[in-house]
Number of protein chains: 2
Amino acid sequence: MNTLGYAILSALGRKSYSGYELGKYLDNVWPAKHSQIYPLLTKMEEKGFLVHEIVEQVGRPNKKIFSITEKGKQALEKWIAKSPSDPIHRDEFLIKIYSASLLGEENSIKLVHERIAKLDESIASLSGKITEIEQMEELETTSKEFGRYLLFSRKYRLAEEEKAWCHWVLDKLKNKKIKFTVLFLAFAGRFSLPLDVFSWAAII
Amino acid sequence: MNTLGYAILSALGRKSYSGYELGKYLDNVWPAKHSQIYPLLTKMEEKGFLVHEIVEQVGRPNKKIFSITEKGKQALEKWIAKSPSDPIHRDEFLIKIYSASLLGEENSIKLVHERIAKLDESIASLSGKITEIEQMEELETTSKEFGRYLLFSRKYRLAEEEKAWCHWVLDKLKNKKIKFTVLFLAFAGRFSLPLDVFSWAAII
DNA sequence: CTCGTCATGTAATTCGTTACATGATTGA
DNA sequence: TCAATCATGTAACGAATTACATGACGAG
């Protein structure tokens with residue numbers, strides 16, 4: 001079985017889902033389209049890792065709720081124990097920002113602003129989800145929501161950090177001439193100095 | 001042409017590279033194996049986006065150095081102007097940490113420690129590259145190294161942030177026990193057990 | 001009245017990885 | 001001497017995206 005299969009098992013290890021619902025959850029860890037998910041669910045059921053029951057609904061299509069089997073759990077546990085392979089990041093934005101000089105200053109700035117807007121959206125949605133989980137009492141490491149909590153917190157922190165980087169880039173693009181300030185910002189960023197960078201810049 | 005093709009053009013927009021060298025650079029923005037790169041370079045040359053010259057070497061295989069053409073530059077500029085599609089992140093570690101409860105506390109902690117070790121490696125290598133670029137005078141936004149500088153700085157900051165998140169997770173995984181200790185102490189207090197405040201504080 | 005959500009599936013195509021091939025050089 | 005780096009290529013396979021299909025419901 002491939003990684004997608006294990007991602008599905010890991011989701012079903014906590015709660016039963018339909019293929020449609022799985023598609024949404026998977027976005028957080030291993031994005032896949034429904035055209036990949038549905039046939040795989042069928043295969044996994046044939047191999048005995050899953051079972052499903054049909055839930056009839058009114059006013060909307062019936063759904064198949066999949067549950068993990070004992071065999072599925074064993075396969076998952078075995079896979080989880082092995083050390084994970086390296087993550088894969090593919091990001092067109094990075095290719096474009098790399099060639100920022102071809103874009104010209106104005107368009108580069110626009111590109112970064114658009115990135116910030118997307119990050120802001122993501123941050124807003126994540127902070128909602130996070131406070132929702134935090135509201136619940138008894139957030140134990142064994143709780144059903146704990147895994148999601150870790151994932152959302154990570155995504156939130158990384159989004160905030162990338163946003164900070166974006167602003168740093170904007171500064172570079174705009175303050176081309178103020179080299180010393182820029183270098184200082186890079187320095188402070190690398191060592192996480194607890195200094196108010198703007199006041200520092202103001203002093204210079 | 002696909003995104004990989006544009007990633008190649010964007011690299012060649014700054015400097016000419018061999019297919020082998022491109023493979024390394026691309027890791028930062030759009031990872032690809034040589035088996036994907038070489039045939040694509042041939043196709044792109046057929047379409048007039050690239051040209052190559054053979055550089056003969058002693059003691060090692062000859063190489064083909066590819067350069068972007070005017071047609072290639074135009075194609076790249078056109079593509080860069082469009083807004084980038086969403087990034088794709090696939091990370092087995094996230095699937096595994098999501099199912100941390102199946103792993104047990106000890107193995108979860110081990111998993112996170114291994115992640116930290118990888119991040120540390122990455123951080124060390126990046127900070128070397130960054131200081132190297134910073135050492136150069138005249139780091140203008142139009143400089144050849146500017147794009148790499150932005151990319152490396154971003155990766156560095158995100159790695160540091162993920163590391164901080166890892167430590168936060170470790171704290172969560174470990175503090176489970178402290179909760180019980182606190183509960184026990186509260187319980188002991190109700191019965192006026194002979195515990196002094198200082199040992200209580202020390203345990204917390 | 002169109003667009004987004006819910007809900008599942010297949011078919012065609014492209015993208016990406018692994019494996020097959022070759023071979024000299026250098027450092028641990 | 002074993003692995004890694006340099007260097008390029010093809011073939012087979014598996015993974016992922018896009019397009020084809022269907023259809024009801026509710027919000028704007």
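Below, read A as the first sequence line, B as the second, and so on, with proteins coming before strands; counting in each chain starts at 1.
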Side chain of [X] - closest among [options]:
X	options	answer
B/Tyr20	D/dA11, C/dG16, D/dA7	D/dA7
A/Lys33	C/dC6, D/dT17, C/dA7	D/dT17
A/Arg90	C/dG16, C/dT8, C/dC6	C/dG16

Find the distance [X]:[atom1] to [N]:[atom2] and express it as a whole number of Å.
X	N	atom1	atom2	answer
B/Ile65	D/dC6	CD1	C1'	12 Å
B/Ile54	D/dT8	CD1	P	10 Å
A/Ile37	D/dA16	CD1	P	11 Å
B/Gln36	C/dT17	CD	C1'	9 Å
B/His89	D/dA16	NE2	C1'	17 Å
B/His52	D/dA7	NE2	C1'	14 Å
B/His34	C/dT22	NE2	P	14 Å
B/Gln57	D/dT5	CD	C1'	12 Å

Check your understanding: Of the non-hydrogen atoms in B/Leu173 and B/Ser108, which two are nearest, and what is the gap between them?
Key ->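 The answer is CD1-CB, 3.9 Å.
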Practice item. Kindly compute the distance separating CZ (A/Phe66) from CG (A/Leu9), expressed to the nearest 0.5 Å. Key: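 With rounding to 0.5 Å, CZ (A/Phe66) is 12.0 Å from CG (A/Leu9).
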**Study point:** A/Trp30 side chain near D/dA15 phosphate (N/O to OP1/OP2, under 4.0 Å)
**Key:**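 Checking D/dA15 against A/Trp30, no side-chain N or O comes under 4.0 Å of OP1 or OP2.
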Review point. Does B/Lys24 place a side-chain N or O at less than 4.0 Å from the phosphate oxygens OP1/OP2 of D/dT5?
Key: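 Negative; the distance criterion is not met.
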Check your understanding: Starting at the 5' end of DNA chain D and moving along, which residue's nearest nucleotide shows up first, B/Glu21 or A/Pro61?
Key ->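 Result of the comparison: B/Glu21.
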Check your understanding: Between B/Gly19 and B/Ile88, who's closer to the 5' end of DNA chain D by nearest nucleotide?
Key ->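 It is B/Gly19 whose nearest nucleotide is closer to the 5' end.
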Point to revise | 5' precedence on DNA chain C between A/Ser35 and A/Arg60 (nearest-nucleotide basis) | key: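 Comparing both residues, the 5'-ward one is A/Arg60.
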Practice item. Check the side chains of A/Arg14 and B/Ser99 for a donor-acceptor pair under 3.5 angstrom, ignoring hydrogens and angles. Key: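 The criterion, which ignores hydrogens and geometry beyond distance, is not satisfied for A/Arg14 and B/Ser99.
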Practice item. Determine yes or no for a side-chain-to-main-chain donor-acceptor pair under 3.5 angstrom, with B/Asp91 supplying the side chain and A/Pro87 the backbone. Key: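 No: the side chain of B/Asp91 does not pair with the backbone of A/Pro87.
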Check your understanding: Has B/Lys96 got its NZ or CZ under 6.0 Å from the middle of the six-membered ring of A/Trp79, at an angle within 45 degrees of the ring axis?
Key ->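 Judged by the rule, B/Lys96 and A/Trp79 form a cation-pi pair.
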